[in-house]
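Counting starts at 1 for both ligands and their atoms, in listed order.
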Amino acid sequence: MEKQVSLPRGTKDILPDEVQLWQRIEATAAVIFGRCHCSEIRTPIFEATELYARGIGEATDIVSKEMYTFIDRGERSVTLRPEGTAGVVRAFIQNKMFALPGPQKLWYSGPMFRYERPQAGRQRQFNQIGMEIFGTSSPKADAEAILVSLDIFEALGVQGLEVQINSLGCPDCRGNYRKALVAFFENKKEEYCSDCQSRVELNPLRVLDCKVPACKALNQDAPSIQETLCEGCREHQKELLAFLDSVGTSYRLNPKLVRGLDYYTRTVFEVVSGSLGSQNTLCGGGRYDNLVEECGGPPTPAVGWSFGVERLVMILGGKGNVLPLDLFVASLGEAAERKAFELAHGLRKSGLSVETDFSGGKLDKQIKQAIRLNAKFLLILGEDELARGECLLKNLSERSQGAVPLEGAVEAIAGLVK
Ligand code: HAM
């Protein structure tokens with residue numbers, strides 16, 4: 001045999017026994033998005049590299065270390081999307097969706113690419129489902145966005161989640177916080193990891209997101225952004241929390257929550273799960289009131305989030321699902337096989353899920369196959385049945401059986417099985 005080619009590091013095959021759960025997640029999300037009048041958008045999987053450099057921020061780990069960037073045959077630098085927001089913002093601007101009436105609510109689903117060190121819950125190709133609300137700065141939109149994500153998780157039966165919330169302020173008050181942070185890091189800079197030492201220069205808030213234990217310990221005493229928020233940002237957060245309180249949603253204010261992308265203003269939030277291990281963030285998002293303008297559109301406030309589908313699948317533990325099968329068609333002899341083929345085709349058209357025998361082997365082997373596939377019904381058509389102008393239908397769960405005339409068999413069997 002030839003040497004096998006393996007799948008690329010950090011990617012995963014999603015096999016049939018897991019795909020059913022993926023379909024359930026996607027279908028549940030689509031229903032819940034529909035209930036809040038949120039429409040689906042589909043954008044390209046690659047975009048001009050500049051979009052991410054501008055949108056996500058040059059100093060972020062994503063842009064500086066993790067992008068799949070290449071020069072295409074037309075000498076353009078393009079990048080496989082590391083996240084969905086920047087592409088949706090680009091589409092929102094390019095398609096002049098800002099001219100449409102009212103806030104625009106958009107959702108998306110699909111693969112994202114980040115060159116990260118693979119581990120449980122962290123891949124190089126992973127899938128996100130996300131939503132973005134454009135055109136309102138109301139804290140009610142932040143609350144609605146958070147609730148939509150929680151509604152999806154609840155509908156899927158996920159338990160034990162915690163919502164963490166912080167505000168990163170607006171460009172005005174964040175400047176004061178940066179100063180306070182830099183002053184705090186000043187005397188301890190040498191004690192931080194080398195990445196954090198350069199973060200202090202480029203983007204001091206990112207130091208708070210460092211996962212290195214020594215940095216985490218040092219960050220314990222860092223000043224809290226909550227203390228430097230301006231009146232407007234404080235009020236915005238207060239109202240968001242009041243909306244969440246009004247529907248009884250619990251959350252934890254986490255003043256150290258900063259997120260890994262630079263576009264956020266005011267609200268940031270994460271939904272974390274105790275059952276995920278070290279990569280415990282299931283969903284992350286926040287408000288980004290300046291991104292549309294920074295990407296060349298008119299000033300448009302916005303808020304959104306996305307969750308990692310692989311992480312949700314890990315929580316739900318969805319392997320081992322077998323595709324349900326209504327009917328297995330077994331046949332013996334050439335003429336019977338042809339008639340059985342015709343019946344199976346007709347029954348599929350009438351809406352049943354039907355599998356047939358491909359082996360042409362003995363009848364008891366075919367019956368074993370039907371049982372192995374967990375078929376609800378078994379249809380047997382041998383030469384004797386064919387000669388009598390009927391087939392045998394067995395209900396495998398109730399262990400009952402009866403003859404069905406071949407004339408009108410499709411309608412009769414479809415009626416019995418349904
Ligand atoms: P993010 O926090 O970078 O935010 O990613 C959101 C979610 O995607 C994470 O919470 C995680 O579940 C999943 N995820 C991220 N990286 C990986 C990975 N390497 N492997 C597996 N899962 C991963 C964003 O992407 C923002 N665009 C969210 C947003 C939308 N903010 C505003 N609107």
Asker: Side chains of Pro301 and Thr136: does their closest heavy-atom pair fall under 4.5 Å?
Answerer: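 Sidechains of Thr136 and Pro301: no contact.
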Asker: Numbering the atoms of ligand 1 from 1, which are under 4.0 Å from a heavy atom of Gly284?
Answerer: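 Going through ligand 1 atom by atom, the ones under 4.0 Å from Gly284 are 10 (O), 28 (C), 29 (C).
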Asker: Do me a favour and list the nearest non-hydrogen protein atom to atom 30 (C) of ligand 1 with residue, atom name and distance?
Answerer: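 For this ligand atom, the closest protein heavy atom is Thr85 OG1, 3.0 Å.
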Asker: Is Glu201 paired with Lys189 through a side-chain N to carboxylate O contact shorter than 4.0 Å?
Answerer: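 Counted as a salt bridge, because a side-chain N and a carboxylate O are separated by less than 4.0 Å.
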Asker: Any heavy-atom pair between the side chains of Leu156 and Leu312 that's under 4.5 Å?
Answerer: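 In contact.
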Asker: Just to confirm my output: which protein heavy-atom neighbour is closest to atom 19 (N) of ligand 1, and how far is it?
Answerer: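 Nearest protein contact, heavy atoms only, for atom 19 (N) of ligand 1 is Glu116 OE2, 2.6 Å.
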Asker: Are the aromatic rings of Phe134 and Phe98 close, with centres under 6.0 Å apart?
Answerer: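 Centroid distance Phe134-Phe98: not below 6.0 Å, so no.
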Asker: What atoms of ligand 1 come closer than 4.0 angstrom to any heavy atom of Tyr263?
Answerer: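 Ligand 1 atoms under the 4.0 Å threshold to Tyr263: 26 (C), 27 (N), 29 (C), 31 (N).
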Asker: Could you list the atoms of ligand 1 found under 4.0 angstrom from a heavy atom of Tyr288?
Answerer: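 Near Tyr288, the atoms of ligand 1 are 32 (C), 33 (N).
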Asker: Does only the side chain of Glu132 get under 4.0 Å from ligand 1, or the backbone, or both, or neither? Count heavy atoms.
Answerer: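 Just the side chain.
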Asker: Would you mind writing out the side-chain donor-acceptor pairs for residues 288-298 within the sub-3.5 Å range, not counting sequence neighbours?
Answerer:
{"residue": "Tyr288", "atom": "OH", "partner": "Glu132", "partner atom": "OE1", "Å": "2.6"}
{"residue": "Asp289", "atom": "OD1", "partner": "Arg287", "partner atom": "NH1", "Å": "2.7"}
{"residue": "Asp289", "atom": "OD1", "partner": "Ala302", "partner atom": "N", "Å": "3.2"}

Asker: Looking only at protein heavy atoms, which one is nearest to atom 8 (O) of ligand 1, and what is the separation?
Answerer: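 It is Gln128 NE2, 3.1 Å.
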Asker: Using ring-ring contact (aromatic ring centres under 6.0 Å, His included), reason through Phe328 and Phe377 one step at a time and then give a plain yes or no.
Answerer: CA-CA 6 Å; Phe328 187 91; Phe377 285 81; over 10 Å; no
Asker: If you have a sec, work out which protein heavy atom is nearest atom 22 (N) of ligand 1 and how many Å separate them, to one decimal?
Answerer: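 Of the protein heavy atoms, Phe126 CD1, 3.5 Å lies nearest.
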Asker: Below 4.0 Å from any atom of ligand 1, is there a heavy atom belonging to Ser306?
Answerer: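 Yes; Ser306 lies near enough to ligand 1 that a heavy-atom distance drops under 4.0 Å.
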Asker: Under a plain distance cut-off of 3.5 Å, with no hydrogens placed, do Thr60 and Asp262 share a side-chain donor-acceptor pair?
Answerer: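 Absent: no donor and acceptor within the cut-off.
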Asker: Run the side-chain contact (heavy atoms from CB on, under 4.5 Å) test against Arg399 and tell me which residues pass, sequence neighbours left out.
Answerer: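 In terms of side-chain contact (heavy atoms from CB on, under 4.5 Å), with neighbours along the sequence ignored, Arg399 is linked to no residue.
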Asker: Tell me the protein heavy atom at minimum distance from atom 20 (N) of ligand 1, and give that distance in Å.
Answerer: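 Of the protein heavy atoms, Gln123 N, 2.9 Å lies nearest.
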Asker: So for ligand 1, is Gly285 a polar contact partner (N or O within less than 3.5 Å, distance only)?
Answerer: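 Such a contact does not occur with ligand 1.
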Asker: Give the residue, atom name and distance (to 0.1 Å) of the protein heavy atom nearest atom 27 (N) of ligand 1.
Answerer: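 Atom 27 (N) of ligand 1 sits closest to the protein heavy atom Glu83 OE1, 2.6 Å.
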Asker: Taking the side chain from Lys211 and the backbone from Asp209, do they hold a donor-acceptor pair closer than 3.5 Å?
Answerer: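 Flag set: sc Lys211 to bb Asp209 pair under 3.5 Å.
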Asker: N/O to N/O below 3.5 Å, does that happen between Arg122 and ligand 1?
Answerer: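 In this structure, Arg122 places no N or O atom under 3.5 Å from an N or O of ligand 1.
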Asker: Below a 4.0 angstrom heavy-atom separation, can you tell me which part of Leu282, side chain or backbone, both or neither, approaches ligand 1?
Answerer: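 The answer is the backbone of Leu282.
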Asker: Given that the side chain starts at C-beta and the backbone is N, CA, C, O, which of these parts of Arg259 lies under 4.0 Å from ligand 1, counting heavy atoms, or is it both or neither?
Answerer: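 Side chain only.
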Asker: Give yes if a backbone or side-chain nitrogen or oxygen of Tyr108 is under 3.5 Å from a nitrogen or oxygen of ligand 1, and no if not.
Answerer: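 No.
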Asker: Do Arg114 and Ile62 touch side chain to side chain, with heavy atoms closer than 4.5 Å?
Answerer: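 Yes - at least one pair of side-chain heavy atoms lies under 4.5 Å apart.
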Asker: Less than 4.5 Å apart, side chain to side chain, heavy atoms only: is that true for Met314 and Leu276?
Answerer: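 Met314 reaches Leu276 side chain to side chain.
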Asker: Check whether any heavy atom of Glu310 sits under 4.0 Å from an atom of ligand 1.
Answerer: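 Contact absent.
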Asker: What protein heavy atom is closest to atom 11 (C) of ligand 1, reported as residue, atom name and distance in Å?
Answerer: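 Scanning the protein heavy atoms, the shortest distance from atom 11 (C) of ligand 1 goes to Arg311 NH1, 3.4 Å.
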Asker: What protein heavy atom lies closest to atom 31 (N) of ligand 1? Include the residue and the distance to one decimal.
Answerer: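 Its nearest protein heavy-atom neighbour is Tyr264 OH, 2.6 Å.
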Asker: Below 4.0 Å from ligand 1: does a non-hydrogen atom of Cys283 turn up there or not?
Answerer: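 Yes, that is the case, since the closest heavy atom of the residue is under 4.0 Å from the ligand.
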Asker: For ligand 1, indicate whether the residue Phe113 contacts it via side chain, backbone, both or neither (heavy-atom separation under 4.0 Å).
Answerer: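 The answer is neither; Phe113 stays 4.0 Å or more away.
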Asker: Are Ser167 and Gln237 linked by a side-chain donor-acceptor pair shorter than 3.5 Å?
Answerer: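 There is no such pair (donor and acceptor under 3.5 Å, judged by atom type) between the side chains of Ser167 and Gln237.
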Asker: Answer yes if the ring centres of Phe46 and Phe113 are under 6.0 angstrom apart, and no otherwise.
Answerer: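 No: the rings miss the under 6.0 Å criterion.
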